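Below: one structure, written as structure tokens.
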Protein chains: 2
Amino acid sequence: MESRIDRIKKQLHGASYKLTPQREATVRVLLENEEDHLSAEDVYLLVKEKAPEIGLATVYRTLELLTELKIVDKINFGDGVSRYDLRQEGAAHFHHHLVCIECGAVDEIQEDLLEDVEAVVEKRWNFQIKDHRLTFHGICWRCNEKHAAEEKNKEEKNRE
Amino acid sequence: MESRIDRIKKQLHGASYKLTPQREATVRVLLENEEDHLSAEDVYLLVKEKAPEIGLATVYRTLELLTELKIVDKINFGDGVSRYDLRQEGAAHFHHHLVCIECGAVDEIQEDLLEDVEAVVEKRWNFQIKDHRLTFHGICWRCNEKHAAEEKNKEEKNRE
DNA sequence: TTATTTAATGATAATAATTATCATTAAATA
DNA sequence: TATTTAATGATAATTATTATCATTAAATAA
């Protein structure tokens, strides 16, 4: 069976780039850390564990290349660092993010959700949408549950 | 009548900050350049025209302060520079952006458009939304019109 | 195969945006 | 008026990213 790496290799070849050992190591790190929103530095350190000879510049170059080919998405949560996410295979659109303002966790939404909104934007603003970025800032389910538990606890204490 | 500046002054006082001349000059620049997505450097240069003694660090500090107080929104279009937009008065939510991948223009959408999507996210992901960022990347109405005109032109030439 | 062109890499210097430091000034308060 | 505190300006420091350039690896031509 054709693996994800094989398909990425084909994508690279299609654009006349090669999948060098360094590029492959970088892609593997991204595959093994999906959903983790790694920075270039993060990727560099992880790649180094397996391939210590790799240079930071090569990691940057590879991430840039993968971004150009739309294999990864470069995202920015406003903390001064770019982060890189593998794009879902076959996904025309970028996935969305939920950033928790309490604990800092970043969750992903793979569902599109924006179809109706995009139809409106395309028509009303005569804007041909090619991609989108949607991030919600708020309180995640973990913090919500934690607060609910604390609340319950307090009530029980009061009843005593 | 109470002006926008007066209201911002009150907001600052409410958080026990003062509206110093430097801060006022910075806010005025933002007011006079709404919809322009200015970077800190842009703001600095504009403020300098009116108040040449101001320092870049003060502009950064002021923009940070205004961001904290949710008077401005700090945004990032992925070009390595933070940009600062005055938030619509009374707007609970951040406005959206249309970034043209051809000409680089950035247009704004003040309408919410996300109410339905947010209801789904709050329920399905148990996420309490406090704010959002939505940016569409694509081709703006100006470029679309230009292409349409070019197309028409070509057709006419062919008919000759 | 060997020579030659081209692509990719690693080390590191350069750049650019932002933040930290610190002495000075302005403002608020005692 | 004296004194504490907040804010500022100049500039150094930091940090992420990009550019440079000599070296290596790969692809292609002879």
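It should be emphasised that the depicted structure is a prediction, and the values quoted were computed from it without experimental measurement. Just so you know, these numbers use all the heavy atoms, side chains as well, and skip hydrogens, waters and symmetry mates. Every chain is numbered from 1, with letters handed out A, B, ... down the list of sequences.
Against DNA chain D, the stretch residues 27-34 of chain B makes no heavy-atom approach under 4.0 Å.
At whole-Å resolution of the value, NE2 in B/H13 and P in D/dA6 are 14 Å apart. Rounded to a whole Å, the CD1 atom of B/I75 is 16 Å from the C1' atom of C/dA17. For the pair A/D42 CG and D/dA16 C1', the computed distance is 13 Å after rounding to whole Å. In this structure, CD of A/E41 is placed 16 Å from P of D/dT14, rounded to the nearest angstrom.
Taking A/T58 as the reference, A/Q22, A/I54, A/R61, A/T62 meet the side-chain contact (heavy atoms from CB on, under 4.5 Å) condition, with sequence neighbours excluded. In this structure, B/N33 has no side chain to side chain donor-acceptor pair (under 3.5 Å) partners at least two apart in sequence or on a different chain.
Atom CG of A/D73 is separated from atom OH of A/Y84 by 11.5 Å, given to the nearest 0.5 angstrom.
Among the protein residues, B/S39 comes within range of no part of the nucleic acid, since none of its heavy atoms lies under 4.0 Å from any strand.
Residue B/V81 is found outside any hydrophobic cluster, as its side-chain heavy atoms come under 4.5 Å of no other Ile, Leu, Val, Met, Phe, Trp or Tyr.
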Any chance you could list the contact pattern along nucleotides 8-14 of chain C? Use B for base contacts, S for sugar-phosphate-only contacts and - for none, protein heavy atoms under 4.0 Å, 5' to 3'. SBBBB--
Pair assignment for DNA chain C - dot-bracket with | for other-strand partners, Watson-Crick or G-U under 3.5 Å: ||||||||||||||||||||||||||||||
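A/L63 has its side chain within reach of A/L30: a pair of non-hydrogen atoms, C-beta onward, lies under 4.5 Å apart.
Here ring-ring contact (aromatic ring centres under 6.0 Å, His included) pairs that include residues 111-135 of chain B, with residues two or more places apart or in two chains, are B/H93-B/H132, B/H96-B/H132. Residue pairs meeting the salt bridge (charged side-chain N to carboxylate O under 4.0 Å, His left out) criterion with at least one partner in residues 140-158 of chain A, sequence neighbours excluded, are A/D107-A/R142. Identified under the ring-ring contact (aromatic ring centres under 6.0 Å, His included) test for residues 18-77 of chain A, with sequence neighbours left out: A/H37-A/F77, A/H37-A/H97, A/F77-A/H97. Applying the salt bridge (charged side-chain N to carboxylate O under 4.0 Å, His left out) test to every pair with at least one member in residues 44-59 of chain A, sequence neighbours left out, gives these pairs: A/E32-A/K50. Under the ring-ring contact (aromatic ring centres under 6.0 Å, His included) criterion, no residue pair touches residues 136-160 of chain A, with sequence neighbours excluded. Applying the salt bridge (charged side-chain N to carboxylate O under 4.0 Å, His left out) rule to pairs touching residues 3-15 of chain B yields B/E2-B/R7, B/E2-B/K10, B/R4-B/E34, B/R4-B/E89, B/R7-B/E89, sequence neighbours excluded.
Under 4.0 angstrom from either OP1 or OP2 of C/dT19 there lies no side-chain N or O belonging to B/Y60.
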